Amino acid sequence: MKELPVDKGTRVTLHFALKFESGEVIDTTFDKDAAILEIGDESLPENFEAYLMGMKAGDKASHQVPPEKAFGQRNPNNLQTFKRHEFSADMVLEPGVMISFADARQQELPGVVSRVEGDEVEVDFNHPLSGRTLTFDIEVIDVEPAGQTH
(Lines give C-alpha, C1' and ligand atoms only; values in the text may rest on other atoms or scores of the structure.)
Protein backbone atom coordinates (compact mmCIF):
# COMPACT_ATOMS: atom_id res chain seq x y z
CA MET A 1 0.00 0.00 0.00
CA LYS A 2 2.91 2.35 0.66
CA GLU A 3 3.63 2.55 -3.06
CA LEU A 4 0.53 4.60 -3.91
CA PRO A 5 1.63 7.75 -5.76
CA VAL A 6 -0.01 11.13 -5.16
CA ASP A 7 -2.75 11.65 -7.73
CA LYS A 8 -6.34 12.86 -7.95
CA GLY A 9 -8.41 10.88 -5.49
CA THR A 10 -5.68 10.46 -2.89
CA ARG A 11 -5.33 11.81 0.62
CA VAL A 12 -1.81 12.99 1.37
CA THR A 13 -0.18 13.47 4.76
CA LEU A 14 2.79 15.75 4.35
CA HIS A 15 5.05 18.36 5.81
CA PHE A 16 5.68 21.44 3.73
CA ALA A 17 7.45 24.74 3.98
CA LEU A 18 6.95 27.82 1.85
CA LYS A 19 9.90 30.19 1.91
CA PHE A 20 11.18 33.31 0.22
CA GLU A 21 14.34 32.91 -1.84
CA SER A 22 16.22 34.46 1.10
CA GLY A 23 15.26 31.40 3.17
CA GLU A 24 12.79 33.36 5.32
CA VAL A 25 9.90 31.02 6.18
CA ILE A 26 6.38 32.14 5.21
CA ASP A 27 4.56 29.02 6.39
CA THR A 28 5.64 25.56 7.51
CA THR A 29 4.31 22.42 9.16
CA PHE A 30 7.76 20.93 9.86
CA ASP A 31 7.59 22.25 13.42
CA LYS A 32 4.04 21.02 14.11
CA ASP A 33 1.55 18.35 13.03
CA ALA A 34 1.70 17.28 9.42
CA ALA A 35 -0.91 18.62 7.03
CA ILE A 36 -3.50 16.26 5.57
CA LEU A 37 -5.18 17.17 2.32
CA GLU A 38 -7.10 15.56 -0.47
CA ILE A 39 -5.80 16.28 -3.94
CA GLY A 40 -8.32 18.53 -5.65
CA ASP A 41 -9.95 19.83 -2.44
CA GLU A 42 -8.44 23.28 -3.07
CA SER A 43 -6.66 23.47 0.28
CA LEU A 44 -3.53 23.91 -1.82
CA PRO A 45 -3.51 26.02 -4.99
CA GLU A 46 -3.62 23.76 -8.07
CA ASN A 47 -0.11 24.76 -9.15
CA PHE A 48 1.29 23.65 -5.79
CA GLU A 49 -0.63 20.36 -5.99
CA ALA A 50 1.05 19.74 -9.34
CA TYR A 51 4.41 19.52 -7.56
CA LEU A 52 3.08 16.68 -5.39
CA MET A 53 1.85 14.49 -8.24
CA GLY A 54 3.61 11.15 -8.47
CA MET A 55 5.37 11.48 -5.12
CA LYS A 56 5.16 8.55 -2.69
CA ALA A 57 5.41 8.13 1.08
CA GLY A 58 8.94 8.94 2.17
CA ASP A 59 9.71 11.18 -0.82
CA LYS A 60 11.18 14.63 -0.25
CA ALA A 61 11.50 17.46 -2.75
CA SER A 62 12.28 21.13 -2.95
CA HIS A 63 11.03 23.31 -5.80
CA GLN A 64 11.63 26.88 -6.88
CA VAL A 65 8.19 28.21 -7.74
CA PRO A 66 8.13 31.22 -10.09
CA PRO A 67 5.43 33.88 -9.56
CA GLU A 68 3.39 32.57 -12.53
CA LYS A 69 2.97 29.23 -10.74
CA ALA A 70 2.64 30.72 -7.25
CA PHE A 71 0.52 33.80 -6.63
CA GLY A 72 0.90 35.58 -9.96
CA GLN A 73 2.79 38.66 -11.02
CA ARG A 74 1.96 41.99 -9.43
CA ASN A 75 -0.76 43.74 -11.38
CA PRO A 76 -0.69 47.55 -11.43
CA ASN A 77 -4.46 47.48 -12.02
CA ASN A 78 -4.82 46.03 -8.51
CA LEU A 79 -3.72 49.34 -7.00
CA GLN A 80 -6.80 51.43 -6.24
CA THR A 81 -7.01 54.96 -4.94
CA PHE A 82 -9.75 56.00 -2.53
CA LYS A 83 -10.59 59.29 -0.82
CA ARG A 84 -9.96 59.55 2.91
CA HIS A 85 -13.63 60.31 3.61
CA GLU A 86 -14.63 56.91 2.11
CA PHE A 87 -13.25 55.28 5.28
CA SER A 88 -14.60 55.67 8.79
CA ALA A 89 -13.01 58.63 10.58
CA ASP A 90 -11.51 56.49 13.35
CA MET A 91 -9.81 54.06 10.98
CA VAL A 92 -6.02 54.03 11.10
CA LEU A 93 -4.79 54.49 7.53
CA GLU A 94 -1.07 54.08 7.10
CA PRO A 95 1.12 51.94 4.81
CA GLY A 96 1.01 48.25 5.74
CA VAL A 97 -2.45 48.31 7.33
CA MET A 98 -4.71 45.56 5.98
CA ILE A 99 -8.32 46.44 5.25
CA SER A 100 -11.13 44.10 4.27
CA PHE A 101 -13.41 45.19 1.46
CA ALA A 102 -16.37 43.41 -0.06
CA ASP A 103 -16.11 42.80 -3.79
CA ALA A 104 -19.02 42.87 -6.21
CA ARG A 105 -20.08 39.36 -5.12
CA GLN A 106 -19.81 40.33 -1.45
CA GLN A 107 -16.76 38.11 -1.07
CA GLU A 108 -14.16 39.41 1.35
CA LEU A 109 -11.31 41.10 -0.48
CA PRO A 110 -8.27 42.06 1.59
CA GLY A 111 -6.23 45.08 0.57
CA VAL A 112 -3.12 46.64 2.08
CA VAL A 113 -2.69 50.40 2.33
CA SER A 114 0.36 51.21 0.21
CA ARG A 115 0.35 55.02 0.27
CA VAL A 116 -1.45 57.84 2.08
CA GLU A 117 -1.04 61.31 0.62
CA GLY A 118 -3.27 64.22 1.53
CA ASP A 119 -6.85 63.05 0.95
CA GLU A 120 -5.76 60.06 -1.14
CA VAL A 121 -5.39 56.51 0.16
CA GLU A 122 -3.84 53.96 -2.21
CA VAL A 123 -4.75 50.33 -1.53
CA ASP A 124 -2.93 47.34 -3.02
CA PHE A 125 -5.17 44.35 -3.77
CA ASN A 126 -2.33 42.19 -5.15
CA HIS A 127 -1.75 38.98 -3.20
CA PRO A 128 1.04 39.77 -0.68
CA LEU A 129 3.14 36.99 -2.23
CA SER A 130 2.55 38.03 -5.85
CA GLY A 131 5.63 38.73 -7.91
CA ARG A 132 7.81 36.57 -5.65
CA THR A 133 9.68 33.38 -6.46
CA LEU A 134 9.07 30.96 -3.60
CA THR A 135 10.75 27.78 -2.39
CA PHE A 136 8.32 24.90 -1.76
CA ASP A 137 9.78 22.10 0.38
CA ILE A 138 7.77 18.89 0.61
CA GLU A 139 8.09 15.70 2.61
CA VAL A 140 5.38 13.14 1.90
CA ILE A 141 4.59 11.02 4.95
CA ASP A 142 1.66 8.96 3.70
CA VAL A 143 -0.53 8.58 0.62
CA GLU A 144 -3.85 6.75 0.75
CA PRO A 145 -7.02 6.58 -1.29
CA ALA A 146 -9.30 9.51 -0.45
CA GLY A 147 -12.42 8.70 1.49
CA GLN A 148 -10.78 5.78 3.29
CA THR A 149 -11.38 5.88 7.01
CA HIS A 150 -8.89 4.64 9.57
Side-chain angles (χ1 to χ4, degrees), residues 1-82 86-87 91-117 120-148:
M1 257 331 261
K2 289 285 178 219
E3 292 305 300
L4 189 67
V6 175
D7 201 350
K8 294 249 182 288
T10 58
R11 182 189 301 123
V12 186
T13 305
L14 76 160
H15 276 299
F16 74 90
L18 202 53
K19 300 185 265 200
F20 289 121
E21 285 179 291
S22 64
E24 181 189 346
V25 175
I26 302 162
D27 192 12
T28 182
T29 62
F30 281 103
D31 56 359
K32 49 189 183 262
D33 289 340
I36 298 175
L37 57 101
E38 284 191 20
I39 297 299
D41 72 358
E42 294 181 8
S43 55
L44 261 187
E46 194 177 326
N47 288 331
F48 286 95
E49 278 190 356
Y51 288 107
L52 301 175
M53 293 303 185
M55 292 182 74
K56 296 178 178 163
D59 287 354
K60 295 179 183 180
S62 183
H63 299 278
Q64 292 297 108
V65 184
E68 306 73 60
K69 291 196 171 200
F71 296 97
Q73 292 290 2
R74 295 188 60 72
N75 181 345
N77 295 336
N78 289 342
L79 292 174
Q80 310 259 319
T81 304
F82 298 88
E86 295 180 67
F87 300 93
M91 190 172 221
V92 177
L93 293 173
E94 57 192 36
V97 172
M98 185 183 263
I99 303 171
S100 259
F101 294 81
D103 67 12
R105 297 186 317 252
Q106 295 305 307
Q107 300 282 322
E108 189 179 330
L109 184 65
V112 176
V113 175
S114 53
R115 185 175 57 82
V116 179
E117 219 167 272
E120 289 196 340
V121 179
E122 185 181 71
V123 179
D124 187 347
F125 290 100
N126 283 296
H127 189 285
L129 298 176
S130 63
R132 305 289 295 260
T133 294
L134 305 173
T135 301
F136 185 41
D137 293 336
I138 311 160
E139 179 182 348
V140 175
I141 295 164
D142 195 18
V143 182
E144 55 194 358
Q148 187 174 315

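Keep in mind that this is a model prediction, so the values were computed, not measured. Positions are given from 1 along the sequence.
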Quick one, L37 and I39 - any side-chain contact, counting heavy atoms below 4.5 Å? yes
d(S43 OG, E49 CD) to nearest 0.5 Å is 6.5 Å
Which pair of heavy atoms, one from P67 and one from G131, lies closest together, and at what distance? CG-C, 3.7 Å
Any non-hydrogen side-chain atom of L129 less than 4.5 Å from a side-chain atom of F20? yes
Separation between OG1 of T13 and CD of E139, rounded to the nearest 0.5 Å: 11.5 Å
How far apart are the closest heavy atoms of Y51 and P66, and which atoms are they? OH-CD, 4.1 Å
Given side chains that start at C-beta, do those of M55 and K60 come closer than 4.5 Å, heavy atoms only? no
Measure the shortest side-chain to side-chain distance between H127 and R74 over non-hydrogen atoms and say whether it is less than 4.5 angstrom. no
ring-ring contact (aromatic ring centres under 6.0 Å, His included) involving F82 - partner list, sequence neighbours excluded: F87, F101
Does R132 make a cation-pi contact with F71, if we ask for NZ or CZ under 6.0 Å from the ring centre and within 45° of the axis? no
On a heavy-atom basis, which atom in N47 and which in E68 lie closest, and how many Å separate them? ND2-O, 3.9 Å
V112/I99 under side-chain contact (heavy atoms from CB on, under 4.5 Å): CA gap, chis, key distance, verdict: CA-CA 6 Å; V112 176; I99 303 171; over 6 Å; no
Taking everything shown except Q107 itself, do over 12 heavy atoms lie less than 6.0 Å from its CD? yes
Grab the two heavy atoms, one from V116 and one from E94, that are nearest each other, plus how far apart they are. CG2-CA, 4.0 Å
Would you call L14 and I138 a side-chain contact if the rule is heavy atoms closer than 4.5 Å? yes
Has T10 got a side-chain atom pairing as donor or acceptor with V12's backbone, closer than 3.5 angstrom? no
One should read off an interatomic distance between E38 CD and L44 CG, to the nearest 0.5 angstrom, of 12.5 Å
Donor-acceptor under 3.5 Å (T81 side chain, V123 main chain): no
Any side-chain to backbone donor/acceptor pair from H63 onto V65? Under 3.5 Å, distance only. no
Could you tell me whether the side chain of D142 reaches within less than 4.5 Å of the side chain of E144, counting heavy atoms only? yes
Within the 3.5 Å criterion, strictly below it, is a donor on E122 or S114 matched to an acceptor on the partner's side chain? yes
Neighbour count >12 (heavy atoms, 6.0 Å) for atom CG, D27: yes
How far does CD of Q64 sit from NZ of K69, to the nearest 0.5 angstrom? 13.0 Å
Check K56 against L4 and note the closest heavy-atom contact, atom names and distance. CG-O, 4.0 Å
Apply the side-chain contact (heavy atoms from CB on, under 4.5 Å) test between K19 and each candidate in L134, I26, D137; give the one that qualifies. D137
Are L109 and F125 close enough, and set up right, to give a side-chain contact (heavy atoms from CB on, under 4.5 Å), and what steps lead you there? CA-CA 8 Å; L109 184 65; F125 290 100; 3.8 Å; yes
More than 12 non-hydrogen atoms from neighbouring residues, nucleotides or ligands closer than 6.0 Å to CD on E46, yes or no? no
Taking side chain as C-beta onward, heavy atoms only, is L18 less than 4.5 Å from T135? no
Return the minimal non-hydrogen interatomic distance between V143 and A57, and the atom names on each side. CG2-N, 4.0 Å
Tell me, please, which residues at least two apart from E21 pass salt bridge (Lys or Arg N to Asp or Glu O under 4.0 Å). none
